[in-house]
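This report refers to the structure that appears directly beneath it.
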There are 2 protein chains.
Amino acid sequence: MLHVAEAARVSVATVSALINGTATVSPELSQRIEQAIRDIGYKRNAIARSLKMGTTRTIGLTVPHITNPFFTDVVSVIQQAFDRAGYAVMLCCTDEDLNTQDDQIRLLLDRMVDGLIVARVGDGAILKGIVESANVPVVLLDRVCEGVDTDTVVLDNQRAVFDAITYLIDLGHRRIGYITGTFDISPMHDRMAGYREALQAAGLPVESELVRFGNFHEVDGYNATMQLLSLHDRPSAIFSANNPMVIGTMKAIRDIGLSCPQDISVACFDDFPWSDVFQPQLTTVSQPVQAIGEQAANLLLDRLAGNRDAPPRKLTLKGRLMIRNSCRPLGAVAQSVSA
Amino acid sequence: MLHVAEAARVSVATVSALINGTATVSPELSQRIEQAIRDIGYKRNAIARSLKMGTTRTIGLTVPHITNPFFTDVVSVIQQAFDRAGYAVMLCCTDEDLNTQDDQIRLLLDRMVDGLIVARVGDGAILKGIVESANVPVVLLDRVCEGVDTDTVVLDNQRAVFDAITYLIDLGHRRIGYITGTFDISPMHDRMAGYREALQAAGLPVESELVRFGNFHEVDGYNATMQLLSLHDRPSAIFSANNPMVIGTMKAIRDIGLSCPQDISVACFDDFPWSDVFQPQLTTVSQPVQAIGEQAANLLLDRLAGNRDAPPRKLTLKGRLMIRNSCRPLGAVAQSVSA
DNA sequence: AACGCTAATCTAAACGTTTCGATCGTGTCA
DNA sequence: TGACACGATCGAAACGTTTAGATTAGCGTT
């Protein structure tokens, strides 16, 4: 900018005024300056600007795994929304690891991000600290965090799983295996509550041998399913509480020589774009990813636009059960298949 | 830092020296400073540091669509690699749009990213300018760019498609539909060359009615497939040159009342994690995503480590044909199926 | 003619670091 | 004992912007 100013024989203040439109500058100087900018190929340095202005027009986004299609889609929507608003987004993947998450949030804050969207991991003690020291607005995505009172957008997980399990019960299933991630994040907790609630509403027992834990990855779903299928009295249906794990479930079913839905019914949380067209067509709980991403972006953009003092807004969206053909009715139909 | 210095009754220079270990500072001052840092909760401002140092420890990464599983995986690998190295990554999605890409690259450069990894779009004129003005190292991913001479990691696309098409020909297919994206990006061009080469090697004609263009999205694959299937003499196999489009292909096959592989064989570029387990199990060309991401990251990290003057390095990796059950042999087997 | 008002422009401080060169004790050696 | 080197510390400039406040010129009023 100094060079531009010299070339145009004006002060840097005038150049700045012209670029930002913060003051009127005469036509002749404007022209000289614009010419100089072109000649030199000047580009404003956003870092210097950020330092002075105290804002980077960059936000931080952390998710557990970008390869989980749910997060892929949400990240994509959020990225687009901020792109439109002229913000850059720094993406971090925490790999479901609390320390990694802490490091990454620190890294983002050091870089003076203007805001944070976090699909958190772990118990959120650090998050609490950040939200309370309250220099940047934070919106929590997909996962609430007790004790952290800030903008949030989540799904009504309990209701969604309740509906899915009730659907299985209505089909005649009585022993329904349930594969979950660890309970330190709210969705897993709430989804489990939906499972319990549905069983209880139907007067069925909640049997602990039917509930298996995994660490969110395909391989965990595989192992959990293997355990379920080798039970003495094996379940007739399996519900997987996240979608990378359901791939493992299907592989386990195949490897053990069974088939879905003939021998065992399967449903899971989170939809796949290809579910409609490959067999078995999975019955899933579909999250409104577009809305989730947009709402999260809007909440944050609103804070960034200056609306800092409004009380925390908590949005809860509804999931939708997508009934396809991976779950079969038990009873009458069972005979016809085994015949 | 000023506050820390005051609280510890030292100069800012000493605080800086301690934090960065750039000079020895006596035990007693060290202790006072560390105490002050803890008391105040001081965090070094990375923006100010970047301004002074001329480096942000941030890189820019642009891809066409993060929802394309290939890019999802590559982004994930790259993100991890830079995370390990203490770099942040700014992610941009260009949506296969040249102007968007230009804007985003400018945005990244304004923010003084230390380097750029680009899966480009369009003809790359801007890219050429950037690479030539040469203040930041650029590595090209997945897509080369003629006239731009810089580090690159790509697949041997022609060979990979040659192998896939040859496989179909060996199965007895003679009319093989081919769905491609536009030729302004190198992989589409090279993959088409592989298709041509395979047909010619087998003495088969390249018929233009069998080649359909789409804009990389599922819906484009759908439309292209519809056209292919309504040809007077329809193809017995379809190869899709990217993987979002193959979902559209499968939907079109379903909607038109045919089934794969009984009525029509399908193969595509890029693998899916679930291909093994859902029916039909797609035969695909699998790219070594892990290696691609790591190599790209390594090339850039090497430049960032100071190795600026080495001549551009061009890496070409090999794809792998994953034969599953979505393509069936023509001839003898055909009868037994239709019986 | 002196005055005030407005519009255009400039000067200089500030943002929070890093780093060069200067300063100041202290101990060592001739 | 004076000179000197050395280690520890500090002062201040610099990175490239923004912006408050000062300055200047032009012009209409009284």
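Please read all numbers here as calculations on a predicted model, not as lab measurements. Letters A, B, ... are given to chains in the order of the sequence lines, protein chains preceding strands, and every chain is numbered from 1.
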Original post:
Under 4.0 Å between a side-chain N/O of R9(B) and OP1 or OP2 of dT9(D), yes or no?
Top reply: no

**OP:** Might you confirm whether atom CD of E28(A) has over 12 heavy atoms from other residues, nucleotides or ligands at distances under 6.0 Å?
**Re:** yes

Subject >> Minimum-distance nucleotide to L29(B) side chain [options: dA12(D), dT17(D), dC10(D)] >> reply: dC10(D)

Subject >> Any T24(A) side-chain N or O less than 4.0 Å from OP1/OP2 of dA7(C) >> reply: no

**OP:** Tell me which nucleotide among dT17(D), dG16(D), dT19(D) gets nearest to the side chain of Y42(A).
**Re:** dT17(D)

Original post:
Is any side-chain N or O of S26(B) closer than 4.0 Å to OP1 or OP2 of dT9(D)?
Top reply: yes

Original post:
Could you give the CD-to-P distance, from Q31(A) to dT9(C), as a whole number of Å?
Top reply: 13 Å

Original post:
So which of I19(A), D39(A), V12(A), I37(A) actually passes side-chain contact (heavy atoms from CB on, under 4.5 Å) with V4(A)?
Top reply: I37(A)

Subject >> Identified salt bridge (charged side-chain N to carboxylate O under 4.0 Å, His left out) counterpart of D151(A) within the set R308(A), R313(A), K314(A) >> reply: R313(A)

**OP:** For A48(B) and for T14(B), locate the closest nucleotide of DNA chain C by heavy-atom distance; then report the residue assigned to the nucleotide nearer the 5' terminus.
**Re:** A48(B)

Original post:
So what does I47(A) touch, heavy atoms closer than 4.0 Å: a base, only the sugar-phosphate, or nothing?
Top reply: nothing

Original post:
L2(A) CG to dA14(D) P: how many Å, rounded?
Top reply: 12 Å

Subject >> Sidechain-backbone polar pair: R111(A) side chain, R57(B) backbone, donor-acceptor under 3.5 Å >> reply: yes

Original post:
Choosing from dC10(D), dT17(C), dT19(D), which nucleotide comes nearest the side chain of S16(A)?
Top reply: dT19(D)

Subject >> Contact nearer the 5' end of DNA chain D, comparing R32(B) with L51(B) >> reply: R32(B)

Original post:
Does a nitrogen or oxygen in the side chain of N45(A) sit under 4.0 Å from OP1 or OP2 of dC15(D)?
Top reply: no

Original post:
Taking atom P of dG16(D) as reference, at what distance in whole Å does atom CD1 of I37(A) sit?
Top reply: 16 Å

Subject >> Among dA12(D), dC10(C), dT9(C), the one nearest A13(A) by side-chain distance >> reply: dC10(C)

Original post:
Between dC10(C), dG16(C), dT18(D), which nucleotide has the shortest distance from any of its atoms to the side chain of M53(A)?
Top reply: dT18(D)

**OP:** Considering non-hydrogen atoms only, spot the tightest contact between C92(B) and Q104(B) and give its length.
**Re:** CB-OE1, 3.2 Å

Original post:
Does the side chain of R49(A) get closer than 4.0 angstrom to OP1 or OP2 of dC15(C) through an N or O atom?
Top reply: no

Subject >> Between P of dT17(D) and NZ of K43(A), the distance in whole Å >> reply: 12 Å

